[in-house]
Amino acid sequence: MKIFLYGIREDEKSYLNEWDQAHPGVEINYTDDIFTSETAQLAKGSDGVVMVQTQPYQREALKKLHDLGISKISVRNVGLDGFDFQDLRDFNFSLTYVPVYSPNAIAEHTTGLILRLLRRVPEFDKKFANADFRWFPTIGEEIHGKTVGVIGTGHIGSVVVRIMMAMGAKVVAYDIAPNPALENLGIYVETLDELLEQSDIITIHTPLAKKDIHMIDQTAFDKMKKGVIFINAARGGLVDTDALITALDSGKVGGAGLDVLESENDVFQKKFDSIKDVKDPQFQALINRDNVIITPHTAFYTTTAVHNMIFDSLNDNLKMLEGKAPKYPVDISEN
Ligand code: NAD
């Protein structure tokens with residue numbers, strides 16, 4: 001059995017070797033290139049492929065894979081918005097993903113963003129750099145006693161709910177399908193508007209379905225409390241970035257923690273000579289503010305998560321190749 005992996009990073013290699021050694025009957029090959037129509041042929045001779053990328057999966061590349069006789073794809077992350085499922089159906093692919101590699105990683109990062117904004121860490125960092133160790137006027141706020149709105153209470157959002165409650169926040173949650181494990185907490189509101197209107201801090205943890213592109217738009221920001229802290233560690237496309245910039249300009253949003261951006265593919269995972277060299281106008285409109293923290297889609301990036309992404313994706317790819325039921329199949333019958 002041969003499995004080919006795309007987009008392998010340096011930090012994944014030790015886990016890849018560990019899995020490889022535990023599966024002597026399976027030949028592993030890989031490239032650091034992502035999966036495109038140019039790199040598709042690298043998988044020639046393989047039985048299955050494993051990949052991860054933020055760039056969209058090209059139809060032409062999938063067709064090439066199909067022409068190589070490969071029909072089992074495993075992605076080693078949760079987000080599937082890079083696929084057009086119609087392409088997968090057209091070329092008869094089976095797909096698995098890794099839905100729960102570490103919800104704690106993203107929930108803890110979200111908490112960190114909230115705390116850094118409330119305690120004005122970017123401003124203190126700047127003062128420190130100027131040897132200014134005075135407190136005033138950089139006084140902070142506490143999570144304790146605040147109302148935290150959690151949109152989407154699945155794997156990640158539910159951990160955020162529990163962390164925020166443990167820190168003494170009042171949590172209000174909105175979900176199109178409330179999580180039965182949280183229903184006894186009495187946190188759910190009926191509509192997104194109620195959450196937007198009541199919350200001092202809002203954090204979003206829903207997938208990016210086509211219908212939810214720009215779920216948080218100008219109208220949504222208008223409904224929020226003045227000075228609200230807004231966090232997005234889910235998907236950039238859920239938020240209308242121009243509307244967010246307007247809301248920051250007006251003071252409607254008092255602070256934003258963004259681990260994902262609409263235009264992140266042009267910026268994240270790249271090295272520039274200086275911040276000024278980043279050409280993306282939305283990034284430039286956000287980056288130089290004391291009340292905005294951008295992290296480059298690193299909420300997931302912990303040793304636990306990376307280990308699980310490699311192991312779970314390879315295990316499932318092998319299961320499909322062996323004709324067994326994978327742990328995390330994706331229903332591609334519609335999207
Ligand atoms: P999940 O599927 O476990 O939970 C999502 C929840 O959102 C579900 O309960 C669902 O019912 C709810 N939901 C869906 N559409 C909704 C809507 N329109 N309004 C309200 N609720 C809605 O997903 P998850 O694993 O918790 O992931 C959440 C998000 O985090 C996804 O966008 C995922 O891509 C993203 N993510 C980001 C990182 C990162 O590093 N920043 C890492 C992993 C996942």
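Start at 1 and go down the list; that is how both ligands and their atoms are numbered.
Residue Asp175 touches ligand 1 through backbone and side chain together, judged by heavy-atom distances below 4.0 Å. When heavy-atom distances to ligand 1 are checked against a 4.0 Å cut-off, Asp212 comes that close only through its side chain, counted from C-beta outward. Here Ile106 has side-chain heavy atoms under 4.0 Å from ligand 1, and that is the only part of it that gets that close.
Considering backbone and side-chain atoms together, Ile151 places no N or O closer than 3.5 Å to any N or O of ligand 1. Looking at Asp259 next to ligand 1, an N or O pair under 3.5 Å apart turns up. Looking at ligand 1, you'll find an N or O of Phe300 within less than 3.5 Å of one of its N or O atoms.
Protein heavy atom at the shortest distance from atom 43 (C) of ligand 1 is Tyr101 OH, 2.9 Å. If you check which protein heavy atom lies closest to atom 4 (O) of ligand 1, you get Gly154 CA, 3.2 Å. If you check which protein heavy atom lies closest to atom 34 (O) of ligand 1, you get Arg235 CZ, 3.2 Å. Ranking the protein heavy atoms by distance from atom 37 (C) of ligand 1 puts Ala233 O, 3.2 Å first. Considering only non-hydrogen protein atoms, atom 13 (N) of ligand 1 sits nearest to Ile176 CG1, 3.7 Å. From the protein, the heavy atom lying nearest to atom 3 (O) of ligand 1 is His155 ND1, 2.7 Å. At the top of the distance list for atom 19 (N) of ligand 1, counting protein heavy atoms only, stands Tyr174 CE2, 3.7 Å. Atom 2 (O) of ligand 1 has Pro207 CG, 4.3 Å as its closest protein atom, hydrogens excluded (heavy atom only).
Not one N or O on the side chain of Thr298 forms a donor-acceptor pair closer than 3.5 Å with the backbone of Thr295. For the pair Glu194 (side chain) and Glu190 (backbone), a donor-acceptor distance under 3.5 Å is present. Without hydrogens or angle criteria, Asp217 side chain to Asp240 main chain gives no donor-acceptor distance under 3.5 Å.
Atoms of ligand 1 found under 4.0 Å from any heavy atom of Met215 (numbered from 1 in listed order, with element): 17 (C), 18 (N). Ligand-side atoms of ligand 1 in range of Val78: 43 (C), 44 (C), range being under 4.0 angstrom from any heavy atom. For ligand 1, the atoms sitting less than 4.0 Å from at least one non-hydrogen atom of Lys211 are 18 (N), numbered in the order shown with element in parentheses.
Of the listed options Thr206, Leu208, Val150, Val159, Thr206 places a heavy atom closest to atom 32 (O) of ligand 1.
Considering Arg119, Arg116, Lys146 in turn, Lys146 is the only one that fulfils the salt bridge (charged side-chain N to carboxylate O under 4.0 Å, His left out) rule with Glu141. Partner Ile3 forms a side chain to side chain contact (heavy atoms under 4.5 Å, CB included) with one of Ile28, Val49, Asn29 and no other, that one being Ile28. Among Ile204, Asp259, Thr241, Leu261, the one residue that satisfies the side chain to side chain contact (heavy atoms under 4.5 Å, CB included) test with Asn232 is Ile204. When each of Thr147, Val148, Leu117, Val228 is tested with Ile201 by the rule side chain to side chain contact (heavy atoms under 4.5 Å, CB included), just one qualifies, namely Val148.
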Chi angles and distances behind the side chain to side chain donor-acceptor pair (under 3.5 Å) call for Asp280, Gln284
CA-CA 6 Å; Asp280 177 47; Gln284 288 297 349; over 6 Å; no

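Note on ring orientation: taking the six-membered ring where Trp is involved, the planes of Tyr57 and Phe83 are parallel (angle under 30°, cut-offs 30° and 60°). Taking the six-membered ring where tryptophan is involved, the planes of Trp19 and His23 are essentially parallel, since the angle between them stays under 30° and well short of 60°.
Proximity of Tyr301 to ligand 1 is not established, as no heavy-atom distance is less than 4.0 Å.
Contact detail for Leu16 and Tyr30: the closest heavy-atom pair is CD2-CD2, 3.5 Å.
Annotation for Glu142: atom CD does not count as buried by contact number, only 12 or fewer foreign heavy atoms lying within 6.0 Å.
Protein heavy atoms are absent from the 4.0 Å sphere centred on atom 23 (O) of ligand 1.
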